[in-house]
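Right, one structure below, let's go through it.
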Amino acid sequence: MNEGYLGEDYIVIKALENGVTIIGLTRGMDTKFHHTEKLDRGEILVVQFTEHTSAMKIRGNAEIIHRYGTTMSEGIKRQ
Ligand code: TRP
């Protein structure tokens, strides 16, 4: 199904708070949300881009480890 993508890098997403949301966006002319994953603090998701997913949106405080280094996402502070 995702033959061409199996050798690609993985991305590690570590939630730094409860309720971090990872949204998969579809590959191709249309850009739609097709999958949502919720992580609680300390949980890790290991992901790859595939023929179905060409972009991801990460909402909340998370550490994103990828081939270019480590990026922190920051959510809007909740009161
Ligand atoms: N459907 C778009 C595509 O495959 C998804 C996408 C990739 C995208 N990169 C993006 C949407 C950057 C907005 C911005 O190209």
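These numbers come from the heavy atoms of this one structure, side chains and all, not from hydrogens, waters or symmetry mates. Atoms within a ligand are numbered from 1 in the order they appear, just like the ligands themselves. In this chain, residues are counted from 1 in sequence order.
Comparing Gly28, Ala55, Gly24 by heavy-atom distance to atom 8 (C) of ligand 1, the nearest is Ala55.
There is no protein heavy atom closer than 4.0 angstrom to atom 13 (C) of ligand 1. Distance remark: protein heavy atom present below 4.0 angstrom from atom 2 (C) of ligand 1.
There is no path of hydrophobic side-chain contacts, each under 4.5 Å, that joins Val12 to Leu39. In the hydrophobic cluster analysis, where Ile, Leu, Val, Met, Phe, Trp and Tyr join through side-chain heavy atoms closer than 4.5 angstrom, Val20 is grouped apart from Ile65.
Here is the list of ligand 1 atoms found below 4.0 Å of a heavy atom in Arg27: 1 (N), 4 (O). Listed by number with element, the atoms of ligand 1 under 4.0 Å from a non-hydrogen atom of Asp30 are 1 (N). Those atoms of ligand 1 that come under 4.0 Å of a heavy atom in Thr26, given as number and element, are 1 (N), 2 (C), 4 (O), 5 (C).
To the nearest 0.5 Å, atom CD1 of residue Ile22 and atom CZ of residue Arg59 are 11.5 Å apart.
Residues His66 and Tyr10 fail the side-chain proximity criterion, which asks for heavy atoms closer than 4.5 Å. Proximity of Asp9 to Phe49: side-chain heavy atoms (C-beta onward) are nowhere separated by under 4.5 Å. Inter-residue side-chain proximity for Thr26 and Thr53 is flagged as unmet; no heavy-atom pair is nearer than 4.5 Å.
Closest to atom 7 (C) of ligand 1, if we only count protein heavy atoms, is Ser54 OG, 3.3 Å.
On a distance-only criterion, Thr31 and ligand 1 share at least one N/O pair closer than 3.5 Å. Backbone and side-chain nitrogen or oxygen atoms of Met29 are examined, and none is located within less than 3.5 angstrom of a nitrogen or oxygen of ligand 1.
A distance-only check finds a donor-acceptor pair linking the side chain of Glu17 to the backbone of Asn61 [under 3.5 Å].
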